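Worksheet: one structure, shown below.
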Amino acid sequence: MNTPTIERLASVDAFLAQRHGTFIDGNTATRLSSSTHELRNPATAQVLCSVQLVDSIHVDSVVRSAHAAFKSGIWSGLTPSERERILLRFADLVEAHGEELAQLETLNQGKSIHIARAIEVGATVNYMRYMAGWATKIEGQTLDVSIPMPANARFNAYTRREPAGVVAGIVPWNFPLMIALWKVMPALACGCTIVIKPADETPLTVLRVAQLAIDAGVPPGVFNVLLGRGAEAGAALVAHPLVNKVSFTGSTAVGKQVGIAALKNMTRFTLELGGKNPMLILEDADIDKAVAGAIGGGLVNQGQVCAAASRFYVHASRYKDFVEALTSQVSQMTIGAGMNPDAQINPLVSRKHQDSVLKLLSAAKAEGAQFCTGGKAPDLPGYFVEPTVLANLDQGMTAVQEEIFGPVLSVLSYENLDDAVSMVNDNKYGLTASIWTNDLGKAMHLIPQIEAGTVWVNNHVPVDPNLPFGGYKQSGMGREFGRSAIEGFTELKSVCITY
Ligand code: NAD
């Protein structure tokens, strides 16, 4: 039987055939190259194309390009409406090249073509337009002051927001295009210039959109892409004294190193880090909806989502029904390549990450977890892991405490709501959580008790450009999206005029 696959665009093959490397001053800088890195298609483990990586010694020229562009005022000196118009044109170009970008992402990252089209491109274009609009809405305040000296003087005091300067945007491999543009768009709306460092595994779509930004009218040097290893080029970028703001999305372990390195130069930083996100299912919840929410919110992108639901606390009276319904549906999911439109579970990003997920599943087995379905790699050439439901777990087990970042759903039960809240909060992370109930009073009572940056009720995982996003506890520092993003890419200046 032939495996169904979507038709691959000629422009995708043409892009893959190009020479890829660090993008600086509006061009691929072939002179900046230290080593060649092969990218593999996660569905087949075959080489997709190769890219040129730079070493830490080359980082200086990339940052200087962004710094020179910032200081020249070619971007920050435009009127807000000129910046807005160019950014809207950029969004139009990303939309017009949407299918090409979606296919590139699916081939590079492994995700479903449906997710690539709807989220990686579709939701990102919405976010781009929303952030473009902020360029014309950045504002300060006028403030009354009571300064006693000099006698009889009058004052006019106000605040203004000024672009932070050169931004280092460091992004992970799970949503490479979307998360890069979560940083590029507000930074550019504020008048900053930016260097994006994609994850080693997934640099392709951000390289493609950097060229589209030039086509839209973003001046060369404003949006640069640095290709290099995290521990070398990434670390050198964070430590560079001409970087004014670091916006990092990735693991908590690396995020801590990044924060400490940034602090050495007093560089501003925002950290969006890991999660181990709970779904709290109350006694009255609609179990069919909760199961659909668990699959949608837990297995999207194979669970490689910082906000994905991965711990499920179900009232004891509904536990058996929930586990049976979840297991039945998860065990029937079709596994296949992201380019196969019928496949519901796609490969993980890399062999390294597949090994890491399988290792955590071995730990779960050794600790006595019950495997209701899944638990191993299927006999396929790519980096697949079966969707897995774990039950009979204790709160202290690895599968309940650690971020697995894979297609693994851990289900526990509780007797009373106070215990449930304690278990929900008993984790080092605090990114997101969801409550499933038809009892509005109980939901309203629970929301303030949950230690998470986002709490959803009767859904899990939707985000909106206007709704701040970020973590409590070890899930990060600062917020992205909405006004918070604008605050993150600007400095606040107070002005006091005596007259
Ligand atoms: P990672 O921390 O390994 O890498 C993230 C980025 O940091 C990559 O570009 C990497 O090259 C770079 N990097 C590595 N070492 C560095 C260093 N010393 N200095 C500077 N940069 C360095 O994360 P990952 O494996 O790519 O992504 C998965 C993680 O990202 C998960 O923990 C997930 O929860 C998290 N994540 C968080 C959010 C959020 O918004 N909170 C969103 C997506 C992913």
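Each ligand, and each atom within it, is numbered from 1 in the order the structure gives. For clarity, every value in this text was computed on a predicted model and none was experimentally measured.
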>> Is it the case that the side chains of Y313 and Q395 hold a donor-acceptor pair, with the cut-off being a distance below 3.5 Å and no angle test?
In response: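 There is such a pair between these side chains.
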
> Rounded to the nearest 0.5 Å, how far apart are CD1 of I435 and CG of N458?
Replying inline: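 Separation between the atoms: 9.0 Å.
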
> Got a salt bridge between E386 and K376, using NZ or NE/NH1/NH2 to carboxylate O under 4.0 Å?
Replying inline: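 Yes, charged N to carboxylate O under 4.0 Å.
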
> Salt-bridged, E451 to K428, with N to O below 4.0 Å?
Replying inline: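 Answer for the salt bridge query: no.
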
> Can we call the ring centroids of W173 and F405 under 6.0 Å apart?
Replying inline: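 Yes, the ring of W173 comes within the 6.0 Å limit of the ring of F405, centre to centre.
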
Any protein N or O within less than 3.5 Å of an N or O in ligand 1? List each pair with its distance, or say none.
{"residue": "ligand 1", "atom": "2 (O)", "partner": "S251", "partner atom": "N", "Å": "2.8"}
{"residue": "ligand 1", "atom": "2 (O)", "partner": "S251", "partner atom": "OG", "Å": "2.6"}
{"residue": "ligand 1", "atom": "9 (O)", "partner": "V171", "partner atom": "O", "Å": "2.8"}
{"residue": "ligand 1", "atom": "9 (O)", "partner": "K197", "partner atom": "NZ", "Å": "3.4"}
{"residue": "ligand 1", "atom": "11 (O)", "partner": "K197", "partner atom": "NZ", "Å": "3.0"}
{"residue": "ligand 1", "atom": "18 (N)", "partner": "Q257", "partner atom": "OE1", "Å": "3.4"}
{"residue": "ligand 1", "atom": "19 (N)", "partner": "A235", "partner atom": "N", "Å": "3.4"}
{"residue": "ligand 1", "atom": "23 (O)", "partner": "S251", "partner atom": "N", "Å": "3.4"}
{"residue": "ligand 1", "atom": "25 (O)", "partner": "W173", "partner atom": "NE1", "Å": "2.9"}
{"residue": "ligand 1", "atom": "26 (O)", "partner": "W173", "partner atom": "NE1", "Å": "3.2"}
{"residue": "ligand 1", "atom": "30 (O)", "partner": "G250", "partner atom": "O", "Å": "3.3"}
{"residue": "ligand 1", "atom": "32 (O)", "partner": "E403", "partner atom": "OE1", "Å": "2.7"}
{"residue": "ligand 1", "atom": "34 (O)", "partner": "E403", "partner atom": "OE2", "Å": "2.5"}
{"residue": "ligand 1", "atom": "41 (N)", "partner": "L273", "partner atom": "N", "Å": "3.2"}
{"residue": "ligand 1", "atom": "41 (N)", "partner": "L273", "partner atom": "O", "Å": "2.7"}

>> Evaluate E487 against R268 for salt bridge (Lys or Arg N to Asp or Glu O under 4.0 Å), listing each step before the verdict.
In response: CA-CA 11 Å; E487 289 172 0; R268 281 68 175 125; over 6 Å; no

